[in-house]
Number of protein chains: 2
Amino acid sequence: MNVQSSHGHSHSKGPQSLRLTKGAKKVLEVLERTDELSSAQDIHSALRNEEDSPPGLTTVYRSLESLVQLGLVQSVDFGDGERRYEMVKPGEHHHHLVCEKCRNSVHLDQCLVQQLEESIQAKYKFEVRGHILEIFGLCEQCQQAMAPAGKNQ
Amino acid sequence: MNVQSSHGHSHSKGPQSLRLTKGAKKVLEVLERTDELSSAQDIHSALRNEEDSPPGLTTVYRSLESLVQLGLVQSVDFGDGERRYEMVKPGEHHHHLVCEKCRNSVHLDQCLVQQLEESIQAKYKFEVRGHILEIFGLCEQCQQAMAPAGKNQ
DNA sequence: TTAGTACTGAAAACGGTTTTCATTTGCCCG
DNA sequence: CGGGCAAATGAAAACCGTTTTCAGTACTAA
């Protein structure tokens, strides 16, 4: 994976080249210091609060697209119509346990699907290239908080 | 799970009650005879081609919501911004292998996550209540079709 | 400096989904 | 046999995250 700085010449015709533009660097900085998953809007607001001339929403989206393609960021879809993003080690990815009450999430330390690829390949003759896996439920604290009276959520 | 016919009196305040309305029955009929996953639009067009006074798109969406809540239908999100639906045995669910080229999909015959719930519970003290899992790649035919020259898609 | 290309931002377009609201439907009950 | 009501319905508008358009800017190479 060859990450260069912006403005070299490339002949790719995509929306933008796969280089770290100024905007993309700022976006990456935000993600670097965030543990939780961030939406494009989250990132945009974060930048608005700290930059004198923050990148616009459009640039944030475009930067995220590049960063995802570079393998520095993964996008996560919880099926709620809003994509979230987070940093990953280049080329890696992981999944989450997402608490339905407090909305916090923890990374799973291993990819459960990867282990299954071989058997899926064998059984279905299907070449696995990607997957979505997110798990929802209640984290420890929220379980306790709900235990006394079965209300809320 | 108590599925009744429409127009009984209920005191739920949701968008609509959890009964099989006329529209919902038509929607269910479409899903009943479809193997592939269908979007709301798919279902709507299917009905337009065969009903004299087909339910509108709005009703299709509302029906799907009820059917999902009744456990008769599951909604599937591939992260491409369009939800698909399919019939399931009440209370059950399953996942798919989706071919990225021909877009066909096959059901997995068992839920891979269910088997993991116990260990997730033990390791993370997390109470699993739901999950998203979809696997993308190439089906057998499309692998072969792409083998000769590595073009396409 | 100049030319060329990538980057950027504002606004508009997009597309699936949801909401609004006025109308219709069908059951209950007198 | 209606009248009354709550639920269901449809058309149109609103929503909302995301993408596209397009004109202006910034950077790099030469």
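All chains are named by letter (A, B, ...) in the order of the sequence lines, taking the proteins before the strands, and each is independently numbered beginning at 1.
- Two rings, from B:H131 and A:H95, have their centers 6.0 Å or more apart.
- Each of D:dT18, D:dG10, C:dA10 was ranked by its minimum atom distance to the side chain of B:R62; first place goes to D:dG10.
- Among C:dT17, C:dG9, D:dT19, the nucleotide with an atom closest to any side-chain atom of B:L57 is C:dT17.
- Summarising the geometry, the separation between CG on A:L64 and P on C:dT8 is reported as 12 Å, rounded to the nearest angstrom.
- When distances are taken from the side chain of B:T58 to each of C:dT17, D:dT18, D:dG10, the shortest belongs to D:dG10.
- D:dG10 atom P lies 11 Å from atom CD of B:E51, rounded to whole Å.
- B:V76 has its side chain within reach of B:H96: a pair of non-hydrogen atoms, C-beta onward, lies under 4.5 Å apart.
- One atom, CG of A:L20, and another, P of C:dT8, lie 11 Å apart when rounded to the nearest Å.
- Distances were taken from every side-chain heavy atom of A:P55 (C-beta onward) to each of C:dT20, C:dT17, C:dG9; the shortest belongs to C:dG9.
- You'll find that the side chain of B:K22 is closest to D:dT9, out of D:dT9, D:dT18, C:dT8.
- The distance between atom CG of A:D80 and atom C1' of C:dT18, rounded to the nearest whole Å, is 15 Å.
- A:R103 has no carboxylate O lying under 4.0 Å from a charged side-chain N of A:E82, or vice versa, which leaves the two without a salt bridge.
- Salt bridge annotation for B:R84-B:E86: absent, with no cationic side-chain nitrogen under 4.0 angstrom from a carboxylate oxygen.
- Other residues, nucleotides and ligands contribute over 12 non-hydrogen atoms within 6.0 Å of the CD atom of B:E36.
- If you check D:dT21, C:dT18, D:dT18 against the side chain of A:Q41, the one that comes closest is D:dT18.
- Distance, A:E82 CD to C:dT18 P: 15 Å, rounded to whole Å.
- If you take CZ of A:R48 and C1' of C:dA10, they are 13 Å apart, rounded to a whole angstrom.
- The distance between atom CG of B:L47 and atom C1' of D:dT9, rounded to the nearest whole Å, is 14 Å.
- A close approach under 4.0 Å does occur between a side-chain nitrogen or oxygen of A:Y61 and OP1 or OP2 of D:dT18.
- The distance from atom CG of A:D77 to atom P of C:dG16 is 15 Å, rounded to the nearest whole Å.
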